[in-house]
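Heads up: the structure comes next, in structure tokens.
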Amino acid sequence: MEQQLFIYNTLSKTKEVFTPITPGFVGLYVCGPTVYGHAHLGHSRPAITFDLVFRYLKHIGYKVRYVRNITDVGHLVADADEGEDKIGKKAKLDKLEPMEVVQTYTNSYRHDMEKLNVLKPSIEPTATGHIIEQIEIVKKVLAKGYGYESNGSIYFDVAKYNEDYKYGKLSGRKLEDLLSNTRILDGQDEKHSSADFAIWKKAQPEHIMRWPSPWSDGFPGWHTECIAMSTKYLGERFDIHGGGMDLLFPHHEAEVAQSCATLGHESVNYWMHNNMVTIDGQKMGKSLGNFITLDQFFKGEHPLLQQAYSPMIIRFFMLQAHYRSTLDFSNEALQAAQKGMERLFKSIEVLDSLSASTESTVDIASLKAKCYDAMNDDFNSPIVIANLFDGVRIINSLNDGNEKINAADLVELKKLYYDFVFDILGLQDEQAAEGNNEVLSDVVDLLLNLRMEAKANKDWAMSDKIRNELTAFGFEIKDKKDGFDWELKK
RNA sequence: GGUCUCUUGGCCGAGCGGCUAGGCACUGGUCUGCAAAACCAGCUACUCCGGUUCGAAUCCGGAAGAGACCUCCA
């Protein structure tokens with residue numbers, strides 16, 4: 001591809017031309033889930049967003065190393081039971097080993113991702129597998145003078161750091177504002193300042209997940225794992241770091257700080273952030289308890305769901321909005337996505353059956369160019385989809401004989417749809433995958449042939465009887481000029 | 001309270017100075033024994049008030065409403 005790819009960089013708040021550090025190669029890191037619960041619709045947003053990025057970068061010829069972590073330790077519980085992390089808390093409640101909790105939800109997450117046709121990352125590291133690396137980072141922070149020990153825990157000294165670097169450059173915050181706007185008093189006197197964050201936390205006696213360190217038996221802080229894993233697998237400088245907007249502050253800001261503090265420079269060239277999925281205009285999230293899990297969507301088992309929504313409907317729904325816009329959940333929107341997607345897939349079936357003419361009356365080249373332009377403009381999948389729908393009209397017109405296409409264009413058109421629909425957008429035809437039983441197919445054909453005979457004899461009663469009964473079983477009958485077509489609706 | 005973002009037709013969602021995406025729904029037409037499907041056509045919106053401009057949904061200022069972050073969160 002000759003064209004340039006533009007990516008919106010949160011660091012500069014502008015779209016920038018993408019230039020990889022090493023020509024032909026891309027290092028991509030994305031913050032993965034904390035595995036203490038089943039994945040909900042919100043979790044699928046970054047997964048699908050960066051799956052699109054991963055797929056497109058590969059499509060245009062890059063070799064991509066995609067690292068997406070599993071957070072299986074280190075996040076404190078919200079309601080301030082000091083020193084207890086989420087995984088540990090959940091483990092006690094369920095009377096399970098912490099690693100059993102981790103395994104359960106990791107499996108569940110991977111299962112959901114597979115259903116959504118999200119490609120597996122190149123490396124999927126876990127925080128617990130990188131305790132040593134995190135301890136090394138803590139040591140470096142201390143050695144450089146940007147951290148301090150307090151009662152066995154180590155904190156990052158934001159004020160000290162801010163003297164040498166600018167804290168807040170990613171999220172656009174100022175340290176003074178942060179300090180003057182702390183809402184609740186901290187309760188813990190260990191920190192010198194409320195803006196400081198823990199990079200190593202001493203474990204309380206009852207705390208199960210713990211590791212030895214030079215300072216205490218404990219566990220790594222919240223923001224250290226990503227920088228440990230990203231630099232380990234992608235290097236001290238790498239191309240793209242992605243994640244949800246809600247991680248921008250403090251999580252990503254703290255990553256930038258730790259990079260600068262330990263390496264003397266930033267690690268990430270392009271920061272990408274996907275927006276939130278909302279429900280009734282509010283962020284769908286664990287803390288608000290207003291989430292619907294992916295599995296509930298797939299099965300339709302939730303009071304707010306009017307029906308089941310297959311993984312591909314969810315995926316298509318997400319891709320119909322740009323990743324930097326909020327996306328509001330509703331049954332109506334999901335149902336509209338479903339119908340649109342069905343139309344798209346139907347046209348691909350039609351496309352496969354088209355035959356070429358000697359001339360073309362359709363402009364495939366410009367359609368193709370529009371699709372690539374959209375992707376190159378910060379991965380604008382809704383525009384791609386809009387163009388594909390323009391193509392649907394073209395395909396149907398070709399099928400109806402209102403337009404003509406030559407052999408070369410037909411090959412191009414097919415390639416365009418296969419590339420974009422299956423490869424880049426990562427959609428799959430679920431209807432087809434369900435397996436059209438051949439015998440069933442023959443039987444339906446037999447019945448419809450009988451109906452054709454009835455029609456020829458103007459026996460409308462018999463004709464309608466066959467059609468209506470097939471319809472009742474869930475078949476859709478489409479009459480054509482000289483025959484018929486049918487499909488089994490779900 | 002602080003920082004930031006958003007407000008588009010019946011619904012969902014692009015666009016980000018002129019040529020007014022797309023999907024769903026709806027209406028009319030073509031085709032058809034009728035219907036469905038498909039195609040063609042229609043429905044033409046940018047929260048409000050000022051300003052800049054030959055020209056603004058798009059830029060600037062203000063108001064109202066909503067949201068995100070400031071605390072674990074994708």
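Letters A, B, ... mirror the listed sequences (proteins, then strands); counts begin at 1. Given the structure is predicted, the values throughout are model-derived calculations rather than measurements. What you see below is based on every heavy atom in this structure, not just the backbone, and it leaves out hydrogens, waters and symmetry mates.
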Exercise for review: Both distances under 3.5 Å, Watson-Crick or G-U wobble: on that basis, could you give the dot-bracket string for RNA chain B, with [ ] for crossing pairs and | for other-strand partners?
Suggested key: ((((((((.[[[)....(...]]].(((((.......)))))....[[[[[..)....]]]]])))))))....
Check your understanding: Can you check whether A:Gly281's main-chain N or O pairs, donor with acceptor, with A:Asp328's side chain at less than 3.5 Å?
Key -> yes
Exercise for review: Please state whether the base of B:G33 and the side chain of A:Asp459 form at least one donor-acceptor pair under 3.5 Å?
Suggested key: no
Review point. When the nearest nucleotide of RNA chain B is assigned to A:Phe317 and to A:Met284 on a heavy-atom basis, which residue is associated with the more 5' position?
Key: A:Phe317
**Study point:** Salt-bridge contact A:Lys15-A:Asp377 (side-chain N to carboxylate O under 4.0 Å)
**Key:** yes
Review point. Is there a donor and acceptor pair, one atom on the side chain of A:Arg467 and one on the base of B:C34, closer than 3.5 Å?
Key: yes
Review point. How would you label the contact of A:Val350 with the nucleic acid (heavy atoms, under 4.0 Å): base, sugar-phosphate, or nothing?
Key: nothing
Review point. Rounded to whole angstrom units, what separation is found between the CD1 atom of A:Ile477 and the C1' atom of B:A38?
Key: 16 Å
Practice item. Can you check whether any acceptor in the base of B:G33 is under 3.5 Å from a donor in the side chain of A:Ser463, or vice versa? Key: yes
Study note, to complete from the structure: Test ring pair (Phe, Tyr, Trp, His ring centres under 6.0 Å), reference A:His40, set A:Phe329, A:Phe297, A:Tyr105, A:Phe291, output is A:Phe291
Exercise for review: Could you check whether A:Met245 gets within reach of a base, just the sugar-phosphate, or nothing at all, counting any heavy atom under 4.0 Å?
Suggested key: nothing
Exercise for review: Please report, rounded to the nearest Å, how far the C1' atom of B:A14 is from the CG atom of A:Asp373.
Suggested key: 15 Å
Review point. When you check the gap from the basic side-chain N to the acidic O, do A:Arg467 and A:Asp464 get nearer than 4.0 Å?
Key: yes
Check your understanding: Which is true for A:Ala333 with a 4.0 Å heavy-atom rule: it touches a base, it touches only sugar-phosphate, or it touches nothing?
Key -> sugar-phosphate
Review point. Should A:Arg393 be listed as having a side-chain N or O under 4.0 Å from OP1 or OP2 of B:A38?
Key: no
**Study point:** A:Glu253 side-chain N/O to A:Gly168 backbone N/O, donor-acceptor pair under 3.5 Å
**Key:** yes
Review point. Is the aromatic ring centre of A:Phe389 closer than 5.5 Å to the centre of the six-membered base ring of B:G23, with the two planes inclined by less than 30°?
Key: no
Exercise for review: Name the nucleic acid region contacted by A:Gly281, choosing base, sugar-phosphate or nothing; use a 4.0 angstrom heavy-atom cut-off, strictly under.
Suggested key: sugar-phosphate
Exercise for review: Tell me what A:Leu334 touches on the nucleic acid: a base, only sugar-phosphate, or nothing, going by heavy atoms under 4.0 Å.
Suggested key: nothing
Point to revise | Interatomic distance, A:Ile466 CD1 vs B:A35 C1' [rounded to whole Å] | key: 15 Å
Point to revise | Atom-to-atom span, CZ of A:Arg324 to P of B:U5 - whole angstrom | key: 12 Å
Review point. Quick one: the side chain of A:Asp479 and the base of B:A35, do they pair up donor-acceptor inside 3.5 Å?
Key: yes
Review point. So what does A:His322 hit on the nucleic acid, given a heavy-atom distance under 4.0 Å: a base, only sugar-phosphate, or nothing?
Key: sugar-phosphate
Review point. Within this structure, what is the CG-to-P distance between A:Asn387 and B:G13, rounded to whole angstrom?
Key: 19 Å
Review point. With a distance cut-off below 6.0 Å to the six-membered ring centre and an angular limit of 45° from the axis, does A:Lys174 pair with A:Tyr167 as a cation-pi contact?
Key: no
Review point. Atom CZ of A:Phe329 and atom P of B:C12: how far apart are they, to the nearest Å?
Key: 13 Å
Practice item. When you get a sec, tell me which of B:G33, B:A38, B:A74 is the closest nucleotide to the side chain of A:Arg343? Key: B:A38
Exercise for review: Return the orientation label for the A:Tyr56 and A:Tyr372 ring planes: parallel under 30°, perpendicular over 60°, tilted otherwise.
Suggested key: tilted
Practice item. Mark yes or no for whether A:Asn331, through its side chain, and A:Gln306, through its backbone, hold a donor-acceptor pair below 3.5 Å. Key: yes
Review point. Just how far, in rounded Å, is C1' of B:G1 from CG of A:Leu178?
Key: 14 Å
Exercise for review: Report the distance from atom CD of A:Gln320 to atom P of B:A14, rounded to the nearest whole Å.
Suggested key: 10 Å
Practice item. Look at the aromatic rings of A:Phe389 and A:Phe316 and report parallel, tilted or perpendicular, splitting at 30° and 60°. Key: perpendicular
Check your understanding: NA contact type, A:Lys283, heavy-atom cut-off 4.0 Å: base, sugar-phosphate, or nothing?
Key -> base
Exercise for review: Take A:Asn402 and A:Asn380, find for each the nucleotide of RNA chain B with the closest heavy atom, and name the residue whose nucleotide sits nearer the 5' end.
Suggested key: A:Asn380
